Amino acid sequence: MEYNFYEKNYNIDKNIVEYVDKTCELLNKGFKSLDKIKEYNFLKVINSFNKNNLSNTDFNWTTGYGFGDYGVFKTEKIFSDIFKTEDSLVRSSIVSGTHAISIVLFSLLNYGDNLVSITGDPYDTLQQVIGIKGKEKGNLISKGINYSKLDLDDYGKIQYNKIKDYVKKAKLVAIQRSTGYTNRRAFTIDEIEKAIKIIRKSNQNAIIFVDNCYGEFTQTREPSEVGADIIAGSLIKNIGSGIALTGGYITGNKNLIEYCSNYLTSPGIGKEEGLSFGTTRNVLQGLYFSPMTTIESVKIAMLFSKCFNDLGYKVSPLPEDERSDIVESIVLKSPEKVIEFCKAIQESCTLDSNIIPEPSPMPGYEDEIIMSAGGFIDGSTGELSADGPLRKPYTVYVQGGLNFIQGKLAIMKVLQKFSDKNFIDLNKLTK
């Protein structure tokens, strides 16, 4: 019955269906450990709702300045409780993860201050925020802020033995948890904690900031629980579950959040104004489902990792690796393969499955980018998507997926397209 549906409706070869089903069975043991993470984080969320007396009246909203839009403040208390922080800024006026991170950097750094990244250069869009790529007006370097980085070692790991010297004069030390457009795996909470302890010993006054995009609820602890002063992320990635319409969050020490709030609005206004536009229900409903949909995404990433590792491609993380984000990178070594891969993902999407993705220039990127995505929320990489820059070694990045069944369909579609294009030999899968 199951095979007939895939064959009749999606033209999937029976051998591919059988191979993917067998692969899922092999991954079941790892899936069970992920379910424990899901349970813990779900309880953490629902407990926070209960402790903060979340009510239907919190979804009411106003107009204008947002006075009386009390659900905004309830939401920020809930985020602070979940992330074990003093205060939070959760706003629909934050348009992306890059915007949330940019607010942190611009509000906490001044002329002459030193920004140090200990995880190499950050994600492509942030390189333009800093000013090390592109010529965007108003970047950090143009405002007299100094930037330096500690490269990762040849294995994509933090060089712990060099952190001490790099951060001595830093005002803010940045850590990027997720892989970004690199071929390393995401840093685990244990690895982040180890780095933070070294930073603290070398420079007690440094602000430690973690870009938490794609990492929320993939483990039972967050960076803010192991010493990070402030973290930030997007509401349309893990934590929005394809329900949050837009927005971003920043959470951490109260003093630092005040700076961020004053930068987002103005000194003297801070968090006191700002309309939810009626999004509070969506934000919190997305948060409610997030521990579950995040683990579905991780399972999908593991499935892609296992299948392409079987085929001999370089993947990161490996199927058995500990996960700390929802992203799977696959080095395809060919622009044609990246394009066909993204076409197959697009065909598997919930919306716009008839669209054919093509590489094109994108704001914030220097290379052409191909993006396949079609979810309930436009641009939501918490939903099934794949993308990548058209540059060597031609790596594609798979992320998201609100349920594992859609991920199964997607990997079958990719394998079928690769087989049709003679990119892979099906005999390798059916041995």
Side-chain angles (χ1 to χ4, degrees), residues 37-38 41-42 44-46 48-49 54 58-59 61 71-72 74-83 88-101 103 123 125 177-178 186 211-219 222-224 231-251 274-301 324-327 349-352 371 373-387 397-404 406-407:
I37 296 172
K38 174 178 67 178
N41 285 324
F42 175 75
K44 189 162 59 174
V45 169
I46 197 69
S48 179
F49 286 177
L54 183 63
D58 292 317
F59 304 141
W61 61 291
V72 172
K74 182 69 68 74
T75 299
E76 290 171 344
K77 287 180 180 179
I78 287 170
F79 269 69
S80 297
D81 191 53
I82 290 170
F83 287 98
S88 297
L89 186 64
V90 185
R91 301 288 164 131
S92 57
S93 51
I94 300 176
V95 302
S96 65
T98 298
H99 185 199
I101 296 163
I103 290 169
Y123 187 66
T125 54
R177 180 177 181 177
S178 183
D211 169 2
N212 206 33
C213 289
Y214 296 108
E216 301 94 347
F217 296 146
T218 57
Q219 298 191 275
E222 300 293 336
S224 48
I231 66 175
S234 168
L235 297 185
I236 62 169
K237 293 184 173 70
N238 300 26
I239 214 156
S241 304
I243 296 175
L245 302 178
T246 187
Y249 74 91
I250 304 168
T251 188
L275 198 60
S276 71
F277 297 97
T279 61
T280 300
R281 184 190 300 272
N282 301 83
V283 169
L284 293 177
Q285 193 169 15
L287 178 61
Y288 171 84
F289 284 110
S290 180
M292 293 172 279
T293 56
T294 296
I295 294 305
E296 292 291 278
S297 295
V298 173
K299 290 177 180 179
I300 291 168
S324 193
D325 72 356
I326 63 171
V327 182
C349 285
T350 314
L351 280 70
D352 297 326
M371 291 192 170
F376 293 102
I377 302 301
D378 189 28
S380 171
T381 41
E383 301 183 60
L384 180 66
S385 62
D387 53 70
Y397 300 85
V398 187
Q399 61 265 319
L402 300 180
N403 70 73
F404 183 70
Q406 190 173 14

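We use all heavy atoms of the structure for the numbers below, so side chains are in, but hydrogens, waters and symmetry mates are not. If you're wondering where the values come from, they're calculated on a predicted model, not measured in any experiment.
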Once salt bridge (charged side-chain N to carboxylate O under 4.0 Å, His left out) is applied, do any residues pair with K77, and if so which ones, sequence neighbours excluded? none

Distance-minimising heavy-atom pair for T246 and I236: CA-CG2, 3.8 Å

For G382 and S297, the nearest pair of non-hydrogen atoms, with its separation, is O-OG, 3.8 Å

Counterpart residues, side-chain contact (heavy atoms from CB on, under 4.5 Å), relative to T293 (two or more places apart): S241, F289, L402

Once side-chain hydrogen bond (donor to acceptor under 3.5 Å, both in side chains) is applied, do any residues pair with N41, and if so which ones, sequence neighbours excluded? K44

Heavy-atom pair of closest approach, residues V283 and A244: CA-CB, 4.2 Å

With sequence neighbours left out, the residues meeting side-chain hydrogen bond (donor to acceptor under 3.5 Å, both in side chains) with T251 are T85, S88

How far does CZ of R281 sit from CG of L245, to the nearest 0.5 angstrom? 12.0 Å

Please list, chain by chain and in numerical order, all residues satisfying side-chain contact (heavy atoms from CB on, under 4.5 Å) with S385, sequence neighbours excluded. A373, T381, Q399

Mind checking the CG-CG spacing from D378 to D352? Nearest 0.5 Å is all I need. 8.0 Å

How many angstroms lie between CG in L89 and CZ in F79, if you round to the nearest 0.5 Å? 11.0 Å

How many angstroms lie between OG in S290 and CZ in F217, if you round to the nearest 0.5 Å? 5.0 Å

Partners of I300 by side-chain contact (heavy atoms from CB on, under 4.5 Å), sequence neighbours excluded? F304, F404

Sequence-distant partners of D387, salt bridge (charged side-chain N to carboxylate O under 4.0 Å, His left out), two or more places apart: none

Minimal heavy-atom distance between I250 and A100, with the atoms involved, is CD1-O, 3.6 Å

Determine, step by step, whether Y123 and I101 satisfy the side-chain contact (heavy atoms from CB on, under 4.5 Å) criterion, reporting the C-alpha distance in whole Å, the side-chain angles of both residues, the deciding distance to 0.1 Å, and the verdict. CA-CA 11 Å; Y123 187 66; I101 296 163; over 6 Å; no

Might you work through the side-chain contact (heavy atoms from CB on, under 4.5 Å) test for V45 and I82, ending with a clear yes or no? CA-CA 6 Å; V45 169; I82 290 170; 3.9 Å; yes

Tell me whether T279 contacts the main-chain N or O of S276 through its side chain, where contact means a donor paired with an acceptor under 3.5 Å. yes

Can you check ring pair (Phe, Tyr, Trp, His ring centres under 6.0 Å) on F42 and Y288, steps first, answer last? CA-CA 7 Å; F42 175 75; Y288 171 84; 5.3 Å; yes

If the condition is side-chain hydrogen bond (donor to acceptor under 3.5 Å, both in side chains), which residues does E216 pass it with, not counting sequence neighbours? Y249

Approximate separation, where rounding is to 0.5 Å, of T218 OG1 and D325 CG: 6.5 Å

Is it the case that atom CG in N403 sees more than 12 heavy atoms from other parts of the structure closer than 6.0 Å? yes

For the student: nearest non-hydrogen atoms of S178 and V327, plus distance: OG-CG2, 3.9 Å

Quick one: are I243 and I377 in side-chain contact, heavy atoms under 4.5 Å? no

I'd like to check the side-chain hydrogen bond (donor to acceptor under 3.5 Å, both in side chains) partners of S92; sequence neighbours left out, ordered by chain and number. none

Partner set under side-chain contact (heavy atoms from CB on, under 4.5 Å) for F376, not counting sequence neighbours: T350, L351, E383

Under the salt bridge (charged side-chain N to carboxylate O under 4.0 Å, His left out) rule, collect the residues that match up with E222, sequence neighbours excluded. R177

Mind checking the CD1-CD1 spacing from I37 to I295? Nearest 0.5 Å is all I need. 5.0 Å

For residues T280 and W61, determine if any side-chain heavy atom of one lies less than 4.5 Å from a side-chain heavy atom of the other. no

Note, V72 side chain near V90 side chain (heavy atom, < 4.5 Å): no

Yes or no on salt bridge (Lys or Arg N to Asp or Glu O under 4.0 Å) for K38 and E296, after CA distance, side-chain angles and deciding distance? CA-CA 9 Å; K38 174 178 67 178; E296 292 291 278; 5.2 Å; no

At their closest point, which heavy atom of G233 faces which heavy atom of C213, and how far apart are they? CA-SG, 3.8 Å

Checking F49 now: which residues fulfil ring pair (Phe, Tyr, Trp, His ring centres under 6.0 Å) with it, not counting sequence neighbours? none

Could you go through Q219 and S324, starting from their C-alpha distance and side-chain angles, then the distance that decides it, and tell me whether this counts as side-chain contact (heavy atoms from CB on, under 4.5 Å)? CA-CA 6 Å; Q219 298 191 275; S324 193; 3.2 Å; yes

